[in-house]
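Notes follow the structure.
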Amino acid sequence: MGVSDEAVRRVVHEVITEILPAVPGDRIPGGAHLRDLGADSIDRVEIIMALRERLGVDAPLAGFSDLPDIDHLVAYLCEVTA
Amino acid sequence: MNVGIEALNVYCGVTSVAVPVLFEGRGLDATRLGNLMMTAKSVALPFEDPVTHAVNAAKPILDAMDEADRDRIELLVTSSESGLDLSKSIASYVHRHLGLSRRCRMLEVKQACYAATGALQLACGYLAAGLSPGAKALVIATDVSLVNENASYTEPAMGTGAAAVLLGDDPRVLDVDLGAFGTHSYETFDSARPGPTFDVADADRSLFAYLDCLTNAYAHYAEKVADVDFATTFAGLAMHTPFAGIVRAAHRKLAREHRLPDADVDFARRVAPGLEYPRLVGNLCSGSVYLALASLIDHLRPDEPVRVGMYSYGSGCAAEFYSGLVDARSTAEVGRMRIGEHLAGRCELTFDEYKRILADNADCLVPVADKRIDPGRYAEVLDRVTGPRTLLACTGVRAYHRRYEWIGAGA
């Protein structure tokens, strides 16, 4: 059984606030791209690498290139951890 | 048989702009400087192009060789994503202005920022095959930047210049571990130069591909080579450097994957020495990893044989991890090119000067039948270069044929 959407979203919010401390964890819109939250390209790399590590995901980073927003990021992480 | 790099030099222009000055001028967010990790970028003058960069990088190497050795250069390869003509190679102009033998093969190759490493490996294979004992090959990576304010945070990271790599059977700079390589390639559209005036790039796709390829190319290398340990096999790492921040992230990724206990200490010891020059120059495209190698050798200053790892990545994408030995001869050979001194001697431009030069450079690669370029227009900037330099300059184009002359710069 895969990890629930809710659990993945919680980890996503945790990681985002660790790397972008100025972003309030309880106010991260699902329709926003990491860029919209102020993440530069290195922040985005660090966020995705931390999520892969924390959720035990082996999928290549390339699979994360086209995700338009955080909702899609959560959905993709659920898919690859299933 | 030992084969590898006998001599290495870079040419990174004679002018630069400080990255914080560029950030301020463009209104970029200064809090991003920390992740970018870039200090300055080289800027070409409007009489410079991929030919002049290549010749200006290789000339000091050839000047240090006797005529008999120069005549043993039997292969000249230029690698570039700044081609000047769809048929005629940059190499043909470079061959002429370096005065190479007419018995020398010449060609130009392209695979974004990977191309020079591909050419180096093919040339090493040719030399190691012993088909022409004592032969040498000259691989020159040469590129110009086309980015302007439209490129946002990529603009401060793009450099200009060339790296010249002389290969042969007396590898005084890098004794390449023949057969010890790992490759990883597939088709993707992460960045490209669809025309002679602009680049297109997808930052996430490109950086993620760079990082995936590093893991996979290194894994392929480790499969092929016995007893490799990421923590202990390499005294230093020279990596393609689109900007220094991504190299730090790439090292952190490998450090996690290989369970290194203290990534920051390891980064400072084995990777940061190879970033000293790239941080002052910007991305040199396929010459970038060789600028990093020069930086690594000049700052590690090995006095006994140690192994270094090399990582090359080119958009599109193709990547390779390979290795070689450096020693005291490497320190002496790279040191005599005085690369650090030349970088420090560049004329530092104001933001307004930079903008004017950028505008004059915009059509550098656009084919035209005729034009004249007067290097004398830039005398005031050239006078501010520290140390006398003799440079090849493009003076124009006549019936599509590019014209070059030697000029003096610096005081």
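Throughout, protein chains are lettered first and strands after them, A, B, ... in sequence-line order, and every chain is numbered starting at 1. Quick caveat, the model's predicted, so the values are computed rather than measured. Below, each value reflects all heavy atoms present in this structure, side chains not excepted, and no hydrogens, waters or symmetry copies.
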Does B:Y221 have its ring centroid less than 6.0 Å away from the ring centroid of B:Y322?
-> no
Ring-face cation contact, B:F230 with B:R256, 6.0 Å cut, 45° max | no
Please state whether the side chain, the backbone, both or neither of B:F243 comes within less than 4.5 Å of a heavy atom of chain A.
-> side chain
May I ask you to check whether B:Y218 and B:Y311 place their ring centres under 6.0 Å from each other?
-> no
Under 4.5 Å heavy-atom distance to chain A, tell me which part of B:A203 shows up: side chain, backbone, both or neither.
-> side chain
Any donor-acceptor pair under 3.5 Å from B:H299 side chain to B:S295 backbone = yes
Side chain, backbone, both or neither: which part of A:A59 has a non-hydrogen atom closer than 4.5 Å to chain B?
-> neither
Identify which part of B:I246 has an atom lying under 4.5 Å from any heavy atom of chain A, answering side chain, backbone, both or neither.
-> both
Would one find more than 12 heavy atoms of other residues, nucleotides or ligands at under 6.0 Å from atom CD of B:E24?
-> no
Part of B:R248 within contact of chain A (heavy atom distance under 4.5 Å) = neither
Turns out that what part of B:Y210 lies under 4.5 Å from chain A's heavy atoms comes down to neither
